[in-house]
Structure formats: structure tokens, C-alpha cells
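Here the structure is laid out as C-alpha cells; the discussion comes afterwards.
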There are 2 protein chains.
Amino acid sequence: MYANVFANVCNLILLFFDMKKEITTLKMLAQNLNLSISTVSRALNDHPDISDDTKIKVKNLAKSMNYIPNIFAKGFRKHKSNIIGIIVPNITHYFTATIVRGILEEASKQGYRVIISESNNDVIKQNEMLNTMIQFGVDGILASLTKMTKDIDNILPIIDTLPFILFDKVSDKIPCTQITINDEEAAFNVVEHLINIGKKRIAIIKEREFSYNSEKRYAGYLKALKEHQIEIDEKIILSVDDISLQHGKRMANILLSIKNRPDAIFAITDSAAVGVIQTLNKFNIKIPEDIAVVGFSNSKYSTIIEPKLTTVDQPGNTIGKTATKYLIKEIENDNTNDIATSKTVEVKTQLIIRESTFKIS
Amino acid sequence: MYANVFANVCNLILLFFDMKKEITTLKMLAQNLNLSISTVSRALNDHPDISDDTKIKVKNLAKSMNYIPNIFAKGFRKHKSNIIGIIVPNITHYFTATIVRGILEEASKQGYRVIISESNNDVIKQNEMLNTMIQFGVDGILASLTKMTKDIDNILPIIDTLPFILFDKVSDKIPCTQITINDEEAAFNVVEHLINIGKKRIAIIKEREFSYNSEKRYAGYLKALKEHQIEIDEKIILSVDDISLQHGKRMANILLSIKNRPDAIFAITDSAAVGVIQTLNKFNIKIPEDIAVVGFSNSKYSTIIEPKLTTVDQPGNTIGKTATKYLIKEIENDNTNDIATSKTVEVKTQLIIRESTFKIS
DNA sequence: TATTTGTACGCAAACGTTTTCGCAAACGTT
DNA sequence: AACGTTTGCGAAAACGTTTGCGTACAAATA
């Protein structure tokens, strides 16, 4: 309160004497030191043409006069904003949020700001956001796609315009560097773990074909079964449009109703797995003795549900950081998506074994 | 793949003919129409001095030439970035994420971008971020404070510099408009609900004094007890530094160990409440018959834990949206935090009754 | 001594937009 | 006819920074 009143009084005084709260510019520094603006600019940017003496003088004065470079003038001149744009489908997902955190950390460490948009899995919105981001002069874009990877026509023109990197929800149809987890290997490990604890009839709840991650995990599932010579039964391979807790419940009911019940259920998402567990609990089916359950993500839910859920930990922080590192490298080398430099980086996951598969004696 | 190859070929051709992929500017539009740059600018900005005829001509050409105003030049000239900064302690909290979503929606609707920073409840970091945001020329700042509201000295100078609004974790020591939930009333309703279902000895697990929200909720707790003439027992009023699931467990153990056990526990956070429930479950204590439990936030956990948790729903989306609305209003009226316009807006919450208090017969 | 090389700095243009001021023509009023 | 007012537009400055080029002086080389 008092502080505000005081500040207002100050403003009045400033107004009275017609003193604008002046922002220090290069010009003012130059005048103060009897140097030219260009010399001051170069001194601050450590240009080799400038002697150490003057560099020190300039920098000291700049500090004492609280000089802040005008970001607009700079960006205007250099066509660089030091802002990177990021697009995610849903920022409220815990895993997504951890990736965002990784991005924020790395970006801020390297002197970049981050502007965020949410696509809500809406392709139209996603494209709008890409465009407005470019309009806003971001130096590069980090994106996690909507599930409908089919619609990539609007993305292809972009990747030749400015640095563009995909993470998490990627697509092999877009030629740019991609940071993702080793979905296939992770799923393989899940299924192998189930086999190792003696399960022989392993169901999977996955998404339909359009989902890149889901297909990869499904591939891992198939590979593990084949490698262990377990026959594949399509009756216990279930696909849903939107993998959620509700659908997890529905699918669990379906699996319970078939004559030859599975002895394990691999839901490719933690929330679906939670739905499965809740349903099994309702019918007093013993987990993991009767049916074991595995999820994917190591979300917070996995330790809250009873029994605690075996799942796959995805290091969101690492994904965010590496994606950002690659993007900034591309920005600063001015490679707008060169095929030669495009990489696919797979970040290691870890199987977290908990009660939903462990209590086998 | 092919698209990329094609684009590369295009670039080669462009290079060969020394055609830079020119970005259309006002100048180019002006030349094309035999008008001055100023007229074109005014036409696009719907300046009254310009005839409708030329406005239409200009706008049409602008569209067909795919004119995008240079954001840097604009910001440079107008000292306006159309970017707002937001600072939150922890973006991975579901409730925080929903607020962020609300902010993103409203901001994008009004033509603003959002840059985000995470303070991780670190006051030093928070101040750094505030400063770099200002450096980056944001038009205003939306902040949710760290828990240590004591350290506000660095914030006071800022609020006179540019529009600044607090949300969720606010502080009445900072004179600016604040958007928050009605913590006190919400807690009051919680406790009254517990009383209504017959509970007479209601414990609370809260944070220490530094936490603004916690103190408000505690005030509501006290008020409800007083109003119903229930005596206050300090032995069942527990404070922790950091309200988490682990501490919820610890506090539950403490409450179970005292001679005169409570018959209800109000944890001022869902995660703590989950810890409480897990502990009660471990000891086979009947919820809610023996001890009822209430949390706060309506997080995802509350429907996953068994029994499902009674809690308070906080409309994050609404908070985010209203905060953004007020901020943009301040930005566009150029009121940098005027006492006269400062408001405290309280968003209504809703008590969600679930099994952890409901099954009383 | 004459020439080259290197060092340290200044001049001025340029980036694209907005905006103040000014001006001419057209119009309206006495 | 003489005067103001309005309408529609242009010229040019300004915002703060970077950068290519020029240059003066000193040092090094021939």
C-alpha cells in the first residue's frame, strides 16, 4: 500500500519536472564516454576490434547505468528473437509438463525464451498456431504433434522455413530431427517381463493405427511374443480411438467377458491401466496373481492406485532438454532442416516394477 | 522425403537466380499501388483518414502478396510486444496446468502470445525470471508466487513499471489486482460438510504460516468450528513445511497415535489427503465411518484413490482466463498498477462430495 | 626512408513500421 | 467571392541496434 502511494508520488514528481524515466541506450553510454555508438555496441559484444581498456570502461558504465539492450531494435536488426515456440497437444498431461519443464530449463540456460501453445489435438488449431508463431518471429519450433499424423501437409512447408524439431509425438513422414522414447523397445521389455513372471496370455489395449507411439508399442508387443513363441490372439488385442481411463474400464470388461481370459493386460497408457485395475478390483480379481497389469508413463497415478502399477518411466526432462539442444544448434548454425543433419534420437526408458506384476510367489 | 527434396531444389533455383525469398513489406505494397508507405500503413490499420476505396485495395493486395507485418519493427516503434509473461512455481501440477491453459486460450483469443517460466518455488530464480521477462519486453506479467511470500521487495518496484497481476498464490502485501479462489469460504464449506455428516473432532493438516492459501483455509476451518461451537484442539491442528503425499502419511500416523483420535481429517491439499487415505487403509480404518477425509483441488488423484476423495474443485480455467482479461485490460489502458483499478477477484469453488465422506448411513 | 600491416575507432546506412506535420483539393457557409 | 472546414494522402523523422567501410595512427617490414 504505502509503497504504491510512494511510487505514485514519485511519478507525479517526475511528471512535474518533465523527467521521463529514461531508458539507457547505446547513445547515452556513448555520450558519457565520448565514444561513438558503434564502438560502444562492439565493446558490449566483445568485438575483436575494440581494446580491452575500452571494453571494460563501457561494460562498467553499462552496468552502472543499468543498460538493457532494446530487444526489439536488436531483433529488428538481426532478424533474431531468441524466442522458441513450442506446441503440445495437452499441457495438463504430467508427462508433457515434465518435457516442457526440461525445455524451459535448457532454453533459459542458453538465453532463449519459450512461448507455448496448446493444440488440444486439433489439427486446424495446430496449423494456426504454427503460423502465428512464425508471424511472431520465433527462431525455431519444437512440436509434439496431434494424434492425427495424417495431416502433415501444412507442416512440410514450414520445416524448410525455419528450424523445426519434433518430440514425443513424432512422425516419420516429416523429414526433420525427432526426439522420442524407444517405444518399441520399452514395450518389448514390458511384455518380456510379463512372460518372465509366467504369463502366457497377454492382452494389449492400444490406440488405432493413426497413433505413431501406439503402433510402435504394439510392434514391441508383437516382437516379444514372437521371440518367445507365444501365439498371437487377435481377440485380446484391443484398439480404442481415445485411450483414457473410461476406455480402460470398458476394455477390461470386454476382456473379462471372453471365454479364454488373458492372464495379463498391457495398457499402453497409465490412465487406461488405472481403469483396468479399478475394474478388476470391482470384480475381486487378484492382481497380479489372476491378471497382471502394466501401464505406460510412470505417471503419478501409478503409485496411487492399489495395487501400485508396474509401468514404463519416460524421462520427460531429458527429452525436453535434448530437443532444445538440437533446436538451438540448428538455429545458431542456420541449418533450416537439412536432411544431412536430421537425426532420430531415442531416449532410454526404464521399466518400473511394482505390485501389479510383482507379487508372484 | 520427396517434398523436402523438392523444396531443396527450389531453394537451389532461387539461389541460382539470386532471388531471395523476399518478405513483403509496406514499401512493396506501396510501390505496387502507387501509394505512399504511410497511406498503406494507415489503410491496414483502419485509420479514419483513409478512404474506404483505398483501404479495400490495400487490404486485398496485402492478402494476395501474403503480407505479414514485421513484428520487430512494430514492437520497436510502438514499444509493444503483444507478449505476456507468466511465472508459476511448478508447471507439472495439474491445477497449475489448467490455469495455464486458461491463460493460453484467453491470450491467444486477444492476439497475445505467452512466455512461461517456472520458479520451482525458488525466490532467487523468480526474481531473475521477472527481470529477464522485462528485458524481453513483455507487455505485462501474470505471476503465481513462491510460497515464501515474505520476499516481495523485488516485486514492488516491478508493479510500478508494467502491468502485473497475481493469481492463485497471491499476497495481500503486494498492491495489484489479484485473482484467487475463495479459500476461506471453501474451507468453511468443507468443515461444515464434515460437521453436517456428524463429525465432531475434525483435524486439519496445513502448511506453516508463510503460505497465504494455507492460512486462508485455516481461517475458514476455525470459523466453521466456532460457528458450530466446536472447541478447537491444537493437538489435531498439524502444520508441515511442504504439504506432500509423504507428509500426509506422516501426519496421519501422528493423528492415529494420539489418545483421542479425530473422526475427520481435512488435508488442505489432495496429495496430502491421498497420503492420509493410504495410511488409514494400511491400518484398516474405515473411511468415512471411522475417519472421514477431505482434500483440496479436485486433482486427478481424487478419483483414483480408494475410497474416492471428497475435495474442493478449483476452476483453473476460469482463474487463468479472468487473470488474463484483467491483465490485457491494464495493458491496453496503460494503467500500470493503479490503486484505483486494483481489485481482488475471488473465483467460486465447489465442494465435490465423494466416498471419503459420503457413505455415512 | 618508404611501404606494408595491424590496431582501434568513427561515420553512416539500414532494418520496417508508425506518426507528426503539412498540404492540396473539395466542400460548405456566409 | 471569400472564407473556413473536411477529406485524403505524402514526406520525413524517429525508434535503437548492428555492420560495412573508411581512416588515422602506430608498429613492423623492406
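Given the structure is predicted, the values throughout are model-derived calculations rather than measurements. The chains referred to below are lettered A, B, ... by the order of the sequence lines, with proteins before strands, and numbering in each begins at 1.
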Starting from [atom2] on [N], measure out to [atom1] on [X] and report it in whole angstrom.
X     : N      : atom1 : atom2 : answer
A:K78 : D:dG16 : NZ    : P     : 19 Å
B:L35 : D:dG10 : CG    : C1'   : 10 Å
A:N45 : D:dG16 : CG    : C1'   : 13 Å
A:D49 : D:dA26 : CG    : P     : 18 Å
B:K80 : C:dT19 : NZ    : C1'   : 17 Å
B:F72 : C:dG16 : CZ    : C1'   : 12 Å
B:L26 : D:dC9  : CG    : P     : 16 Å
B:I37 : C:dC21 : CD1   : P     : 20 Å

Under 3.5 Å on both distances, the Watson-Crick or G-U partner of D:dT23
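With both distances under 3.5 Å, D:dT23 matches C:dA8.
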Nucleotide paired to C:dT30 in any strand shown, Watson-Crick or G-U, under 3.5 Å
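Base partner found: D:dA1.
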With a cut-off of less than 4.0 Å, is there a side-chain N or O of [X] near OP1 or OP2 of [N]?
X     : N      : answer
B:T25 : C:dC15 : no
A:S41 : D:dT18 : yes
A:T39 : C:dC9  : no

Describe the nucleic acid contact of A:D53 in one word from base, sugar-phosphate, nothing, applying a heavy-atom distance below 4.0 Å.
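Here A:D53 touches no strand at all.
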When you match B:F76 and B:D52 each to their closest nucleotide on DNA chain D, which lands nearer the 5' end?
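Residue closer to the 5' terminus by nearest nucleotide: B:D52.
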5' priority, DNA chain D, between B:S51 and B:H79 [closest heavy atom]:
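Final value for this comparison: B:S51.
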Test item: side-chain donor near acceptor, A:N121 and A:T146, under 3.5 Å:
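Absent: no donor and acceptor within the cut-off.
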Going through the checks in order, is the ring-ring contact (aromatic ring centres under 6.0 Å, His included) test met by B:F72 and A:F72?
CA-CA 5 Å; B:F72 298 116; A:F72 298 116; 7.9 Å; no
Nearest to side-chain heavy atoms of [X], which nucleotide of [options]:
X     : options                : result
B:R42 : C:dC21, D:dT17, C:dG10 : C:dC21
A:N70 : D:dG10, C:dT19, D:dT17 : D:dT17
A:I50 : D:dA11, C:dC9, C:dG10  : C:dC9

Any donor-acceptor pair under 3.5 Å between the side chain of A:S38 and the base of C:dC11?
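Side chain to base: pair found, below 3.5 Å.
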Determine, stepwise, if the pair B:T177 / B:E330 fulfils side chain to side chain contact (heavy atoms under 4.5 Å, CB included).
CA-CA 10 Å; B:T177 109; B:E330 276 196 24; 3.1 Å; yes
Polar side-chain atom of B:T161 near backbone of B:P157 as donor-acceptor pair, under 3.5 Å:
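Looks like yes, one N/O pair under 3.5 Å.
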Decide, yes or no, whether a salt bridge links A:R42 with A:D49 under the criterion of side-chain N to carboxylate O below 4.0 Å.
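The answer is no: the pair does not qualify as a salt bridge.
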